[in-house]
Amino acid sequence: MSVKTEDEVVTPAVPRESRRTTTSAASRWATLLAFDKVGAVYVWLAIIVVFSIWVPETFPNLMTAKQILNSNAITGLAALSVTIPLAARVFDLSFALNMTLCGVAVAHFVVDGVPLVLAVLLGVLIGLVVGLINATVVVAMKIDSFIATLATGSLIQALITMVTNDTPISDAKLAGGFATIGQTTVGGITLPVFYFAVVAVGIWYLLEHTATGRRLYAVGFNPDAARLAGVKVARLQFLALVTSGVLAGSAGIVLASILGGGSPTAGTPYLLPGFAAVFLGATQLKNGRFNAGGTLIAVLLLGTGTTGLGLANAPQWSGALFVGIVLIAALMVTGLQRRTTLAARPAALDEPSHGDDATAPSKDVSA
Amino acid sequence: MSVKTEDEVVTPAVPRESRRTTTSAASRWATLLAFDKVGAVYVWLAIIVVFSIWVPETFPNLMTAKQILNSNAITGLAALSVTIPLAARVFDLSFALNMTLCGVAVAHFVVDGVPLVLAVLLGVLIGLVVGLINATVVVAMKIDSFIATLATGSLIQALITMVTNDTPISDAKLAGGFATIGQTTVGGITLPVFYFAVVAVGIWYLLEHTATGRRLYAVGFNPDAARLAGVKVARLQFLALVTSGVLAGSAGIVLASILGGGSPTAGTPYLLPGFAAVFLGATQLKNGRFNAGGTLIAVLLLGTGTTGLGLANAPQWSGALFVGIVLIAALMVTGLQRRTTLAARPAALDEPSHGDDATAPSKDVSA
Amino acid sequence: SESNASSDAPVDNAGLEAAEATVAKAAVRPTKITVTTPIDKPIPTGKKITFVSCGVEACAIQGPILAEAAGILGWTVDQVATDGSPEKVQGAIDAAIRNGSDAVILNAADRDAYAKQIADAAAAGVQFVTCCSLATTGDGLLFNTATSEQNAPIGDYLAAEVVSDSGGKADALYVNISAFQILAKVGETFEAGMKEYCPSCTVDSLDIPLTSLGKDAPDRIVSYLRSHPDVNYIALSVSDALGAGLPAALKAAGLADKVTIVGQGGGSQNFADMEAGDIEALVPTDLYAYDYLMIDALARHWAGVPVGEAGPQFWLVKKDTAPDDTSKPFPLVLDTEAQFKALWGKS
Amino acid sequence: MRVPQVDLRSGTAPDAAPPPRHGPVLDVQHLSKTFPGTRALDDVSLEIAPGEVHALMGQNGSGKSTLIKLLAGYHSADPGAHAEMDGVPFEVGRSVPDGLRFVHQDLGLILELSAQDNLALHGGFARGRGGRVLWRQQEAETRRVLAAFDVDLDIHRPLAAATPVQRTVVAIAAALQGWDGGGVLVLDEPTAVLPHEEVERLFEVVAEVRRRGTSVLYVSHRMDEIFSLADRVTVLRGGRRVGTYDVGSLDSRSLASRMVGDDIDPDFRATVVEQVDQPVTIEARGIHGKWLRGVDLEARAGEILGIAGLAGAGALELPYVLAGKAGELARGEIRLPTVSPDWYDVQRAADLDIPIVPADRQTEAVVAEFTVGENISLSALRRLGSRGRLSAKDEATLVRSWSRRLGVVSTGPSAPISTLSGGNQQKVILARCLAVSPRVLVLCEPTAGVDIGTRVSIYQIIADLAADGLTVVVASSDEGDLLALCTRILVLRGGVVAEELEAEGLTKNVLIRAIEGAEQ
Ligand SMILES: Nc1ncnc2c1ncn2[C@@H]1O[C@H](COP(=O)(O)OP(=O)(O)OP(=O)(O)O)[C@@H](O)[C@H]1O
Ligand SMILES: Nc1ncnc2c1ncn2[C@@H]1O[C@H](COP(=O)(O)OP(=O)(O)OP(=O)(O)O)[C@@H](O)[C@H]1O
Ligand SMILES: [Mg+2]
Ligand SMILES: [Mg+2]
């Protein structure tokens with residue numbers, strides 16, 4: 001049996017005496033490419049092949065790749081912003097409204113003549129404050145995160161309406177330095193793609209290569225055991241929500257820059273796609289752990305479809321159909337393989353086959 | 001101390017001889033009205049008082065009560081439709097789109113000249129099919145319900161766009177019998193309020209007074225234990241999602257009748273309010289169990305605020321602010337009291353008179 | 001209070017007459033399109049246009065109309081589906097420019113949101129055409145129709161209808177969605193019209209947040225009416241969005257007979273409500289005019305003749321004048337297609 | 001990474017006097033704990049000598065875990081307590097001296113994470129610049145820590161895939177990280193679900209810990225372990241200390257009576273007579289599974305059939321298969337001849353409604369959010385009321401009669417089950433199974449974590465039911481259970497029935513040798 005755990009990737013420390021390096025390297029590749037690890041990647045490749053045949057003139061080229069990246073960077077940033085709290089099994093349903101709020105706030109400041117850097121910093125600060133409020137409600141008041149962030153989301157909505165009176169904030173001033181934040185392109189790739197990459201690498205590093213990352217997962221899997229192991233559970237949940245607030249706020253600012261102004265509904269379209277990407281991502285690479293790499297794959301998978309359908313002039317409904325089918329297909333491919341692999345696992349312990357290791361991310365709904 | 005546990009009502013294993021009925025009745029009332037059970041009711045009463053003082057001319061009267069009921073029946077039906085799956089800890093994020101789909105479908109049928117009853121039945125059937133698909137994906141394919149119903153929701157969206165081309169379906173034919181489904185008033189109260197009441201009573205009965213209800217909760221709390229105790233876990237989850245599909249579909253048909261036609265976005269606004277109501281409801285009456293009574297309280301609490309603010313001509317952002325604050329307040333009142341009560345509970349339980357006669361209150365085990 | 005004044009105050013007969021005159025004019029269905037100069041140079045064929053659809057009703061309706069109009073000139077229209085989120089729309093425009101489209105049509109183009117795309121299009125020689133946008137033409141934007149200014153008569157027509165229908169005794173409520181800025185002008189002209197036609201009438205405004213649309217908007221209107229019992233006319237700034245569920249809510253609250261509803265726009269649902277007697281008058285949106293005008297502008301540009309400003313016309317529709325089939329969008333000018341064909345030399 | 005700890009026994013701390021050579025390493029006096037309404041611990045004192053294995057015994061709910069959680073700082077103590085570690089006072093329930101290390105009852109491990117991660121969570125991560133975890137170094141440290149325990153374990157695999165003893169070793173290693181000896185290691189029921197050969201492995205580990213000069217505070221309900229492992233024992237009853245005794249001065253009977261306060265026979269054997277003339281009530285043939293490689297069995301009414309075997313022999317898998325609750329890999333057929341002559345595929349065997357008491361009470365049996373009553377009635381709901389309606393009255397009657405018959409100690413049917421001690425939760429689960437009036441009952445680890453008094457009462461209940469014609473199949477990693485209950489024991493090796501033993505006159509040694517497959 002060649003089933004490996006996910007930590008193989010993270011810990012390149014091959015025991016000198018007990019395993020030969022070649023085997024290890026080969027099996028590491030096998031691990032990386034196993035269906036149950038990256039089912040979505042195979043679905044993605046299939047989609048690329050389909051579109052390359054369907055729209056051979058426009059699809060299979062570098063421009064398309066750039067377009068996919070450019071038009072999905074914000075979805076990616078949105079999904080990444082909830083990855084950390086979800087790793088600790090905390091929902092942040094307010095992130096999309098937080099994006100909107102920070103975006104309109106910065107636009108407002110810029111129009112009011114606040115220097116750009118200061119305006120952006122203030123915007124990020126607002127995201128931080130939203131994160132702090134979420135964290136206070138969830139961690140200090142001990143309110144279930146699902147309903148708590150629905151509630152804070154409602155508060156944020158009120159703020160947005162107050163700030164904008166539901167009208168987009170636009171002004172020639174916003175076309176200046178502010179627009180460069182999100183609209184500058186480098187070799188055909190817009191800056192948000194780079195932000196996405198940087199945040200993804202940062203979260204990957206945090207979750208894979210720091211003690212905090214391991215502790216976050218520990219909190220997510222079993223908060224009681226984590227507490228007994230000396231993990232400061234409440235503090236980590238608090239920090240996770242604050243980080244989420246800052247990341248979502250920053251994503252919102254970038255979005256506002258792309259939009260060239262503060263739209264009072266800018267963030268909302270990213271709520272469900274963000275969660276879809278991060279949940280699909282959790283089934284990739286790390287067997288049920290919310291992770292940056294999986295999220296990246298998921299965003300690109302879904303984005304490729306949307307762009308491909310656009311290039312093929314497919315009907316309006318095809319996008320939604322595609323997302324639904326691809327999500328189910330990717331989850332099925334991953335899940336089926338996973339179950340087969342687990343079932344074939346060497347008999348390590350004489351106990352009934354339940355209690356499998358981390359499978360699909362389960363949510364604790366207890367209110 | 002007169003703290004009782006919630007199941008007194010379900011298991012009135014009160015030794016007939018050992019307690020007088022009056023005490024029991026009184027304490028049952030005390031139980032029913034305890035802060036930790038119905039914190040939201042106290043918040044509700046506070047709101048009613050505030051509005052009665054703020055807008056004395058128009059708020060405190062029967063018309064307002066009717067208006068609140070009439071304008072929140074759909075939210076109530078939406079929230080109830082996800083109560084059963086949530087009791088079994090299954091998310092149905094597709095319910096709002098299902099509402100839309102069934103609404104536009106029935107409108108479509110009626111415009112096409114299908115007899116009303118048949119059209120409605122077909123609409124309900126579509127809801128059933130959506131439920132079956134959700135159930136298949138979640139239960140048979142074993143895909144986490146959160147992401148699975150996001151995916152099926154996307155498929156439903158595609159169908160809606162296909163059916164409607166994103167344009168509302170409307171026709172003079174819809175003003176006939178179809179409109180009466182949702183627009184008929186009886187004594188100033190519209191039919192949907194009665195549907196809401198009937199469904200609430202039905203779900204209350206199912207969850208409180210049937211074996212299936214008890215098993216649903218068991219599945220929600222500990223599916224492994226439920227399975228080993230002989231509960232057909234997969235079947236119940238399946239049925240819960242199918243029921244949810246039918247209820248959401250029916251709610252969508254009623255909504256379409258109120259709107260007088262099939263709007264391709266009719267259901268979407270009910271997604272988050274529906275979940276907010278049902279999650280707030282779960283903290284009421286039954287300490288963390290999703291239940292019909294709590295959902296009812298939550299819907300009325302939130303609805304009273306919206307209507308009251310409207311009567312007070314409060315600014316447009318006040319509604320969202322209110323919802324956020326009230327949700328947090330209700331959860332906090334309930335949660336704080338709960339924690340205090342739980343800490344104090346063993347004291348009350350140790351009263352020998354309260355003990356079950358079968359068991360000695362002392363800790364010395366006697367076989 | 002102020003609102004009581006109107007019922008007691010003497011009716012301003014001059015105003016009432018002016019209102020009736022306006023209504024009489026507005027109630028006549030237009031028969032001539034608003035552009036009249038034929039294109040006297042050859043219009044190139046084989047042009048490829050991309051219509052970036054936005055995921056709402058108007059866009060869904062416009063796609064086929066645009067395709068039909070373009071087809072007359074031997075052009076093709078690629079309709080690209082987006083959910084309307086600016087990120088996706090930007091991607092779609094980028095793709096259109098890359099794919100060698102000759103023009104991009106986008107509803108309600110926001111110059112700030114698409115500054116880069118508009119500039120890219122200009123650089124690539126791709127024409128950018130829009131409708132219902134606040135942006136001014138020039139600087140990369142070839143043409144914009146149904147502008148804020150062009151919408152001005154709507155408010156005036158609605159005010160005239162309210163005053164004449166009430167016989168000069170109206171307490172009107174203008175229900176606004178301030179999120180739709182293009183309609184701000186309509187609110188202004190409605191208020192101005194009310195002041196002009198009936199100085200003793202009152203006019204108030206209720207702003208509905210976007211998040212209420214499709215949800216508690218009817219409840220907000222009912223609450224307003226209950227707390228302002230003198231209001232007897234409601235003017236809806238966006239009838240499609242605000243009218244959903246409103247008749248039912250008014251009926252349930254027992255207010256249906258106390259208020260009369262008029263409104264701008266009007267999808268098939270609003271006409272069905274008018275048919276049922278729940279809506280008094282509508283000033284519908286002429287999507288045919290928008291689309292033919294946008295194609296016409298492109299034709300003029302490519303033929304090398306000047307592209308002027310041109311807007312849609314407006315028609316105050318009531319139950320007895322409503323077209324027979326309102327379940328589908330209809331052109332105000334019945335032979336819109338034929339008249340444009342004539343201008344294009346294709347008849 | 002954790003800083004290497006000061007060796008407490010050598011007293012390297014500059015201003016602390018070297019601890020007295022023969023004084024207690026841990027000395028706790030007048031420790032009390034009052035939960036609102038419950039005095040869980042009442043003026044308990046405890047002295048642990050250097051290098052000794054000190055057992056802590058008492059019935060379920062007598063306060064053992066509470067004592068341990070106080071020492072671990074999980075709960076705060078009532079005022080008045082005094083505690084010293086190596087002569088240095090500390091505040092119980094507030095601070096935890098580094099010399100005190102804990103392995104909690106549920107081990108406190110995160111099964112989704114690997115051994116390496118779990119060890120690092122407890123002992124600290126090896127970190128380089130930028131907070132980066134130095135995985136190579138971390139792995140070396142993990143191997144170093146585990147080396148002392150001679151355990152064969154893939155340190156990168158989630159612990160869910162490890163055996164119970166591997167997990168226990170990881171928990172002990174986690175507790176002992178960064179520490180050279182001395183102090184006290186606290187083990188709260190580490191053997192509750194360990195099969196006996198693994199218990200021996202654990203004993204070796206404990207012996208190794210002790211060789212390093214560390215004292216052990218050991219909580220267990222298993223008498224024999226105390227006698228083979230402990231030097232002294234402190235007995236708690238109802239939150240009070242009964243006394244501390246040298247193990248040599250006690251036998252199991254006198255220890256049991258001190259715990260229960262009543263005369264208890266620790267070598268109790270239920271008197272179940274095998275009645276060959278009774279009809280066969282359950283038959284199984286060709287049972288295959290993850291570990292099972294073809295098992296046939298039959299049992300008669302009134303019979304208590306034991307299933308024994310090493311880990312991996314399939315002894316714990318078999319009961320789940322019989323109850324129709326095994327995974328997709330299970331194959332084979334079952335029938336209940338007295339009900340119907342039809343054979344059922346094990347995948348459909350759930351329809352036979354054979355109740356099972358699962359092995360892991362917390363995760364597989366108890367619905368923690370339910371009340372005692374709801375937990376009892378869960379399997380029997382079908383028979384309570386009619387046409388789907390659940391009759392509250394019928395339910396109350398059923399719950400009351402079964403909790404009375406099994407002697408469930410609780411404050412009533414509406415008490416949340418989480419407020420019951422483990423032994424009483426076990427009785428509730430047993431009541432759940434019996435309430436469906438089964439002809440055949442399957443038990444896994446029926447007495448895991450159950451105190452001696454309760455254990456005997458559970459034996460008696462099962463024996464009584466068997467006398468009334470119930471067939472019971474028992475799988476237990478505790479040979480005591482099998483010897484006390486069974487009429488016949490099937491010993492599994494390598495997934496097949498290797499031996500069948502008559503219980504009459506069977507001794508523990510013979511049984512263990514059979515299980516291990518040793519030559520006689
Ligand atoms: N947090 C708590 N709140 C209320 N009561 C508690 C709490 N913790 C323990 N108790 C009660 O204190 C008593 C002693 O419990 P403890 O866990 O110490 O027993 P134990 O000796 O470990 O028993 P067992 O053998 O079942 O493990 C029990 O009656 C228990 O219900
Ligand atoms: N917060 C609490 N509220 C009420 N009871 C509690 C609380 N915490 C613990 N208890 C109770 O205290 C008792 C002791 O719990 P603990 O986890 O120490 O062991 P146990 O399960 O009773 O022991 P064993 O496994 O030996 O039978 C349990 O009955 C538990 O339900
Ligand atoms: Mg214990
Ligand atoms: Mg305990």
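Please read these numbers as outputs of a predicted model, since none were measured by experiment. Just the heavy atoms: all of them, side chains too, but no hydrogens, waters or symmetry mates, feed the values below. Note on naming: letters A, B, ... go to the chains in the order of the sequence lines (proteins, then strands), and numbering restarts at 1 for each one.
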- What part of B:P273 lies closer than 4.5 angstrom to a heavy atom of chain C: side chain, backbone, both or neither? side chain
- Taking heavy atoms only and a threshold strictly under 4.5 Å, list by residue number the residues of residues 269-284 of chain C that touch chain B; give 'none' if the list is empty. C:Q269, C:A272, C:E275, C:A276
- Does C:D219 offer a backbone N or O that forms a donor-acceptor pair with the side chain of B:S71 under 3.5 Å? no
- Contact part of B:T167 toward chain C, heavy-atom cut-off under 4.5 Å: side chain, backbone, both or neither? both
- Task: Heavy-atom distances under 4.5 Å only: say whether C:L213 touches chain B with side chain, backbone, both or neither.
- Result: backbone
- If you draw a 6.0 Å radius around CG in C:D257, do more than 12 non-hydrogen atoms from other residues or ligands fall strictly inside? no
- Check B:P269 against C:K215 and note the closest heavy-atom contact, atom names and distance. O-CD, 3.2 Å
- Item | Among B:T75, B:T164, B:T268, B:N165, residue most engaged with chain C (heavy-atom pairs, under 4.5 Å) | B:N165
- Task: Kindly give the heavy-atom pair with the smallest separation between B:Q67 and C:S223, and that separation in Å.
- Result: NE2-OG, 2.9 Å
- Note on the structure: On a heavy-atom basis, the closest approach of C:A60 and B:D166 is CB-CB, 4.0 Å
- Query: Does any heavy atom of chain C fall under 4.5 Å from the side chain of B:T185, the backbone, both, or neither of them?
  - Reply: side chain
- When the 4.5 angstrom heavy-atom criterion is applied to B:T307 and chain C, the contacting part is both
- Go through the atoms of B:L309 and report whether side chain, backbone, both or neither lie under 4.5 Å from a heavy atom of chain C. neither
- Cut-off 4.5 Å, heavy atoms of chain C, and the answer for B:N313 is side chain
- Message: Working note: B:V55 + C:S227, criterion side-chain contact (heavy atoms from CB on, under 4.5 Å); need CA distance, chi angles, decisive distance, verdict.
- Response: CA-CA 9 Å; B:V55 241; C:S227 57; 5.7 Å; no
- Query: Considering all heavy atoms of both residues, which atom of B:N70 and which atom of C:A252 are nearest to each other, and what is their separation?
  - Reply: ND2-CB, 3.7 Å
- Against chain C, label B:T64 side chain, backbone, both or neither, depending on which of its atoms sit under 4.5 Å from a heavy atom there. both
- Task: Could you tell me whether a side-chain N or O of C:R226 sits under 3.5 Å from a main-chain N or O of B:L311, the two making a donor and an acceptor?
- Result: no
- Go through the atoms of C:L246 and report whether side chain, backbone, both or neither lie under 4.5 Å from a heavy atom of chain B. neither
- Side chain / backbone / both / neither for C:S178 at chain B, heavy atoms under 4.5 Å: side chain
- Query: Where do C:G245 and B:L259 come nearest, in terms of heavy atoms and distance?
  - Reply: N-CD2, 3.5 Å
